[in-house]
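FYI, side chains are in, hydrogens and waters are out, and symmetry mates aren't considered; it's all heavy atoms of this structure. Throughout, residue positions are numbered sequentially from 1 according to the sequence presented.
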Amino acid sequence: MPGLSVCMPAYNEEGNIADMVADVLTTMRPRFDDFEIVVTNDGSSDRTGQVLEELARQHPELKPVHHEVNQGYGAAVYTALSHASKELIFFTDSDRQFKLEEIDRLLARMDEADMVVGYRAPRRDPFLRVLFGWGWSALVTLLFGYTARDIDCAFKLFPRSLFQKVGPTVRSRGATFSAEFLVRTKRAGYKIAEVPVSHLPRRAGSPTGARWDVISRAFRELWQFRLQLWRESTARETRMATD
């Protein structure tokens with residue numbers, strides 16, 4: 001089995017992070033001889049950063065990375081992925097809403113796809129968050145074509161080589177990061193497979209995805225991404241016409 005980097009963002013997850021790290025260690029040790037846990041503390045105002053440093057002294061597999069100030073969900077994800085060093089990357093969230101042992105479902109499909117992504121079946125979030133999520137996925141599909149049914153599901157597995165090629169082209173650093181990453185992955189010619197995964201209610205902490213500032217930033221980034229793709233397409237057509 002190749003080495004695995006488990007990559008997670010964390011913002012004000014003091015109530016979850018210690019148990020989340022314990023969950024990862026318990027789940028991955030029987031499955032991988034070589035793995036690491038890369039967690040980005042995204043400028044948390046609680047003790048998330050301190051807890052991570054205390055845990056890192058106990059568990060050499062844990063590699064915390066700290067943002068001095070909160071930069072946004074996508075920025076935290078990008079930092080974690082950028083610090084991964086193993087052949088495979090497993091991306092998830094640190095809020096303990098997934099059953100980590102279901103990584104087996106993703107591993108089983110890696111021989112037929114370049115990236116395997118989960119979709120929450122069903123999603124165990126408050127009604128408004130589920131509604132917003134459905135509308136967001138529908139909008140992304142309308143603007144860019146189909147990539148996945150649950151674009152923001154934080155349960156994805158892919159080779160680090162894929163991120164090394166696609167990651168630097170992704171500019172979104174807010175909630176649009178996952179959408180842009182999937183769209184650019186598909187446009188780069190990679191095959192994406194989907195599997196259903198369990199989703200659990202949040203046990204501690206508060207989600208930030210329904211905040212107005214997060215939502216407004218996501219729509220701005222989505223529109224900027226659409227404009228960027230149009231510019232890239234125009235530039236490509238101009239080059240082809242002059243060759």
Side-chain angles (χ1 to χ4, degrees), residues 1-9 23-24 27-28 30-38 73-74 76-94 97-123 133-134 136-172 175-200 222 225 229 232-233:
M1 184 71 69
L4 181 75
S5 296
V6 180
C7 296
M8 301 180 288
D23 290 345
V24 175
T27 303
M28 301 308 167
R31 290 170 170 79
F32 296 88
D33 294 327
D34 181 26
F35 74 94
E36 64 183 359
I37 309 169
V38 185
Y73 180 81
V77 173
Y78 186 85
T79 294
L81 299 180
S82 298
H83 282 78
S85 65
K86 307 303 180 182
E87 183 178 344
L88 283 178
I89 292 178
F90 172 54
F91 158 59
T92 190
D93 280 340
S94 55
Q97 289 194 259
F98 294 98
K99 295 181 179 179
L100 296 179
E101 62 269 21
E102 291 183 358
I103 189 177
D104 293 341
R105 299 184 182 181
L106 278 60
L107 290 166
R109 301 288 299 277
M110 282 298 291
D111 59 343
E112 60 186 81
D114 303 295
M115 172 187 284
V116 185
V117 302
Y119 60 90
R120 291 163 283 194
R123 182 172 178 175
W134 179 86
W136 177 255
S137 292
L139 177 61
V140 172
T141 299
L142 178 66
L143 290 174
F144 305 101
Y146 185 85
T147 56
R149 71 189 74 186
D150 190 357
I151 288 168
D152 288 335
C153 180
F155 211 78
K156 297 179 172 70
L157 183 69
F158 47 90
R160 185 163 60 99
S161 58
L162 184 155
F163 176 74
Q164 289 173 325
K165 180 175 180 180
V166 178
T169 69
V170 179
R171 299 185 177 184
S172 301
T176 307
F177 178 88
S178 293
E180 183 175 353
F181 186 32
L182 283 176
V183 170
R184 289 196 178 275
T185 294
K186 184 175 180 180
R187 290 187 174 218
Y190 291 105
K191 182 179 179 181
I192 300 173
E194 301 179 74
V195 297
V197 295
S198 305
H199 193 237
L200 308 171
L222 192 68
F225 176 41
L229 287 186
E232 291 174 7
S233 177

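When all heavy atoms of F155 and K99 are compared, the closest pair comes out as CZ-O, 3.6 Å. Residues C153 and R120 share a closest heavy-atom pair of N-NH2, 3.7 Å. The two residues E194 and T147 come nearest to each other via the heavy atoms OE2-O, 4.4 Å. Shown here for M28 and I103, the closest heavy-atom pair between the two residues is CE-CD1, 3.9 Å. Nearest heavy-atom pair across A80 and C7 is O-SG, 3.6 Å.
No salt bridge links D150 with R123; every basic N to acidic carboxylate O contact stays at or beyond 4.0 Å.
Taking the side-chain contact (heavy atoms from CB on, under 4.5 Å) definition, one finds that R187 meets it with V183, R226, L229, sequence neighbours left out. Take D23 and apply the salt bridge (Lys or Arg N to Asp or Glu O under 4.0 Å) test, not counting sequence neighbours, and it matches R96. Residues passing the salt bridge (Lys or Arg N to Asp or Glu O under 4.0 Å) test with R109 are E112, sequence neighbours excluded. In this view, E102 and R105 satisfy the salt bridge (Lys or Arg N to Asp or Glu O under 4.0 Å) rule, not counting sequence neighbours. For the ring-ring contact (aromatic ring centres under 6.0 Å, His included) test, no residue two or more places apart in sequence or in another chain qualifies with Y119. Judged as a ring-ring contact (aromatic ring centres under 6.0 Å, His included), and not counting sequence neighbours, Y190 has no contacts. Checked against salt bridge (Lys or Arg N to Asp or Glu O under 4.0 Å), D114 has no partners two or more places apart in sequence or in another chain. With sequence neighbours excluded, the residues forming a side-chain contact (heavy atoms from CB on, under 4.5 Å) with M1 are F32, L107, listed by chain and number. Annotation: side-chain contact (heavy atoms from CB on, under 4.5 Å) contacts of R171 (sequence neighbours excluded): E180, Q228.
Shown here is D111, whose CG atom has more than 12 heavy atoms of other residues, nucleotides or ligands within 6.0 Å.
Side-chain atoms of F98 and V197, non-hydrogen and from C-beta on, do get closer than 4.5 Å to each other. Using a 4.5 Å cut-off on side-chain heavy atoms (C-beta onward), L4 and L157 make contact. Between T176 and W136, some side-chain heavy-atom pair lies under the 4.5 Å cut-off.
With rounding to the nearest 0.5 Å, the separation of CD1 in I151 from CH2 in W134 is 12.5 Å. Between atom OG of residue S198 and atom CD of residue E101 there is a gap of 8.0 Å, rounded to the nearest 0.5 Å. Rounded to the nearest 0.5 angstrom, M8 CE and I37 CD1 are separated by 6.0 Å.
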Distance-only donor-acceptor pairs under 3.5 Å for side chains of residues 81-91, two or more places apart:
from : atom 1 : to  : atom 2 : distance (Å)
S82  : OG     : Y78 : O      : 2.7
H83  : ND1    : T79 : O      : 2.8
S85  : OG     : E36 : OE1    : 3.0
S85  : OG     : E36 : OE2    : 3.0
K86  : NZ     : D34 : OD1    : 2.9
K86  : NZ     : D34 : OD2    : 3.4

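Not one N or O on the side chain of K186 forms a donor-acceptor pair closer than 3.5 Å with the backbone of A148.
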Please walk me through it: do L182 and M115 pass side-chain contact (heavy atoms from CB on, under 4.5 Å)?
CA-CA 9 Å; L182 283 176; M115 172 187 284; 3.6 Å; yes
Side chain to side chain donor-acceptor pair (under 3.5 Å) between D152 and Y73, worked out:
CA-CA 11 Å; D152 288 335; Y73 180 81; over 6 Å; no
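Contacts classified as side-chain hydrogen bond (donor to acceptor under 3.5 Å, both in side chains) and involving residues 159-169 (residues at least two apart or in different chains) are not found.
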